[in-house]
Amino acid sequence: MTESPQRAAPSAPAAPATGATGAPSAIGRLVGQRVRRKEDPRLLTGHGRYLDDVVLPGMLHAHFLRSDVARARITRIDTTAARAAEGVVAVLTAADLNPHLVGDMHGTLSPDNPGPLLPLAEHDVRHVGDPVALIVASNRYLAEDAAELVEVEYETLPPVVDMEQALSSDDIVVHAELSDNLCSRMEEPIDDELRRIFDTAPYVITETVLQHRYLPVPMETRGVIAVWDRHTGQLEIRISTQSPHDVRTTAGRITGVPEHQIRVIMGDVGGGFGQKAYVARDEQVVILAAHKLGRAVKWVEDRHENLVAATHSRTERVTVTLAADESGQLLGAHIDHLDDAGAYPVMGSGGAGAFVVMMFSGPYRLPKLAYRTTSVYTNTCTRAPYRGPWQAETLAREQVMDVLAHRIGIDPVELRRRNVVHRSELPYTMPGGMPIAEVSPEETLDQAMTMIDHPGFRVEQARALDTGRCLGLGIGLYIEPQPGMGPYGSEPAQIRMQPDGHVAVYLGSGSHGQGLETTTAQIVAEHLGIEPEDVSVHQGDTDATPYAFGTGGSRSGPILGAAVRQTALVAREKILAIAAHLLEASPDDLDIDGGVIAVAGTPAISVSLAQVAMTAYLNPAGLPPGMDAGLDFSSRYQAPPFMFSNACHACTVEVDPVTGTVTILRYVVSEDCGVMINPNIVEGQIDGGVVQGIGGVLYEHFVYDGDGNPLTTTFLDYLLPTAAEVPEIEHGHIETPAMTPGGYKGVGEGGAIGAPAAVVNAVADALRALGVESLSQPLGPARIVAAIEAAR
Ligand code: MCN
């Protein structure tokens with residue numbers, strides 16, 4: 001990763017930087033600086049504590065027996081032999097476990113399910129991987145061996161695997177209790193005005209953009225240990241999650257144990273990417289099993305299970321009709337969106353079209369939009385969130401923008417410049433009615449084009465073509481909303497200064513890889529005049545931390561960061577008031593630095609933080625009159641309904657027309673996430689997302705055959721990009737602070753949002769000279785060679 005020369009260097013504390021709006025940014029001694037991640041020494045030296053590292057006394061091990069057919073009726077299950085096998089403690093089928101369920105298994109954010117979700121498949125299996133039985137044994141090997149002894153007879157039925165087929169199929173219905181496969185639908189039909197636009201506009205194009213199925217693939221697979229102590233009435237759950245408090249709520253709902261008797265602990269988490277943002281069905285099964293058995297039960301998913309049966313994402317088709325005037329100004333659009341919800345969509349993902357519609361116009365002026373979105377059930381794995389739900393609309397819009405530019409005969413960059421919303425037009429109301437503000441799409445486009453040397457590249461591209469080399473440039477320009485509504489709307493932080501002047505912070509959310517330990521410590525240390533090492537950050541233990549819904553939607557920077565900052569400022573105020581009292585000075589004349597509070601300009605008149613803390617806890621008589629003892633602070637920040645970050649991704653590629661191999665030459669990201677708490681973390685987040693986006697376009701593809709059998713069940717078939725395939729990612733930054741405490745905006749998902757569009761457009765640009773008109777993902781070598789041959 002390199003830092004572009006365009007990046008404004010973090011400013012010195014004496015001269016605060018200004019954001020692109022001119023508003024003062026919060027860059028300071030620590031916030032905005034490239035502070036090293038506090039968690040890395042532990043993680044990089046192999047001393048992280050992940051779920052599988054936890055071993056409890058007497059712990060049993062669970063293994064799922066899963067359906068190996070896509071659609072069938074279960075006609076018989078015989079567990080006799082398995083129950084008698086060595087080391088087996090229980091073999092639980094639907095008949096054993098499902099009656100133990102006392103509440104709804106659907107997650108807090110799951111409005112889109114077809115009726116009760118059951119722990120284990122009862123009569124029907126609906127995809128390969130559907131859990132049929134749970135074998136609990138003294139160790140994992142014995143549980144797996146015993147699973148082979150469970151006899152299951154299926155009456156197999158024809159599955160519906162393809163989403164287009166699911167839409168039209170009346171006879172094959174995934175959920176028999178429903179009359180069809182429709183999961184959700186939203187429609188805003190074309191009105192007279194838009195009809196007139198489509199009838200009269202000089203340019204009207206219709207393009208279909210396909211997005212194939214690919215997956216989050218966290219390095220640490222899912223896993224849970226649940227322990228039910230019927231004597232104390234305590235349920236303890238350790239889990240690899242993004243949302244420990246939501247795990248507690250769900251566990252309470254399904255077991256009937258009141259939440260105050262449930263403790264959820266998350267340790268280090270090796271990535272989630274959305275897959276751990278809710279409590280999955282199999283995790284709930286393990287919790288129920290432990291509750292039923294009264295024993296500690298551990299389940300750690302293996303890689304095959306993770307690929308086949310965890311969650312899948314992104315199987316979508318977007319058909320866009322776009323109208324523009326002679327100069328390329330957009331006039332109106334219609335979107336027809338179809339997505340595959342799988343058999344049991346979770347967390348609202350059976351309505352992915354809503355996201356596409358909401359943000360379709362993204363960074364461009366678009367006066368009119370009509371749409372139809374449809375989500376269908378299929379006999380495939382659960383559809384669930386994956387980093388960057390805004391990826392699909394970005395991909396569709398940016399691909400169609402390129403096609404329109406070529407139809408008009410102008411450079412795609414020029415078309416974007418003509419349509420991008422200028423800062424002077426903000427707040428700009430999108431066609432769906434949502435106003436966007438505090439964004440800088442034009443600036444990021446300009447910065448990215450400067451960094452990648454757009455004019456120079458066009459010259460090089462033309463020269464290369466003369467020698468038979470195909471180079472291309474692609475852009476992904478987007479705006480990403482961070483929702484601050486519903487359960488995602490508020491975030492708490494608790495700060496306790498200990499009597500020795502060190503600080504402990506308690507967060508309800510938890511980091512699953514994105515570095516909150518460091519950024520939280522930076523914010524607190526900045527405002528309390530100490531160093532990040534003086535701050536410990538506690539997260540993921542529901543007994544110790546305040547309730548928070550969890551990490552998702554790139555909300556921790558903006559919302560948790562704001563909560564931490566506002567709490568730290570309250571703490572600072574009290575600390576200064578005590579110090580002022582002790583020093584007989586005015587709080588306004590004091591500053592804190594290096595753990596010492598001193599009168600500005602007179603360092604000899606000072607008191608240490610430890611002295612202040614000791615006074616606060618142990619000598620209340622030394623406090624200002626009327627002040628409460630103690631230095632513990634708690635507050636909850638309520639976010640505005642939406643905050644917006646934005647970015648422009650640009651990449652250049654070379655495509656070998658003989659082998660179909662794509663080489664990424666340069667990859668540039670100009671991003672605006674408001675005030676950066678830690679530019680290293682921001683860039684690391686972007687890089688991780690970009691790699692996932694590159695993987696999704698060029699390598700990763702989860703494939704089913706026509707009978708619903710998964711074909712890509714190991715990393716030999718499901719290809720992930722490695723360091724060898726990924727170029728250096730160059731960063732530029734624009735800072736437009738959000739109107740929130742600190743001005744931070746989200747960045748965790750952006751890399752995965754912009755990258756697919758940039759890479760697809762770059763490959764398409766490289767192949768246009770060969771007459772390739774349309775390209776659809778995944779862009780493996782065979783697909784590219786076929787497209788070139790078809791064009792010839
Ligand atoms: N940050 C910052 N300055 C800002 C904004 C954010 O320094 N202006 C920092 C934050 O403090 C945090 C990180 O950047 O350390 C990401 O912040 P944010 O964008 O707020 O995202 P969240 O912390 O809410 O993380 C969730 C987001 C999502 S939704 C997914 S999915 C995701 C991700 O970020 N999954 C990840 N990043 C991941 N990173 C890793 N390593 N593993 C995952 O599973």
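We count ligands from 1, going down the list as the structure has it; atoms in each ligand are counted the same way.
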Practice item. Could you tell me whether R423 and E442 have a side-chain N and a carboxylate O separated by less than 4.0 Å? Key: no

Point to revise | By side-chain contact (heavy atoms from CB on, under 4.5 Å) - contacts of P218 (at least two apart) | key: P216, F273, Q275, K276, N306

Point to revise | Positive for salt bridge (Lys or Arg N to Asp or Glu O under 4.0 Å) with D340, one of R314, R383, R213 | key: R213

Review point. If you round to the nearest 0.5 Å, how far is CG of D672 from CD1 of I734?
Key: 7.0 Å

Exercise for review: Describe, in one word, how the ring planes of F702 and H312 are oriented to each other, choosing from parallel (under 30°), tilted (30 to 60°) and perpendicular (over 60°).
Suggested key: tilted

Review point. Which of parallel (below 30°), tilted (30 to 60°) and perpendicular (above 60°) describes Y478 and H649?
Key: tilted

Exercise for review: Compile the protein residues with any heavy atom at a distance under 4.0 Å from an atom of ligand 1; present them by chain, then by number.
Suggested key: G271, G272, F273, G274, R387, H512, G513, Q514, G515, L516, T519, T551, G552, G553, S554, R555, S556, G557, P558, C673, V675, M676, I677, N678, I681, V682, Q685, Y744, K745, G746, V747, G748, E749

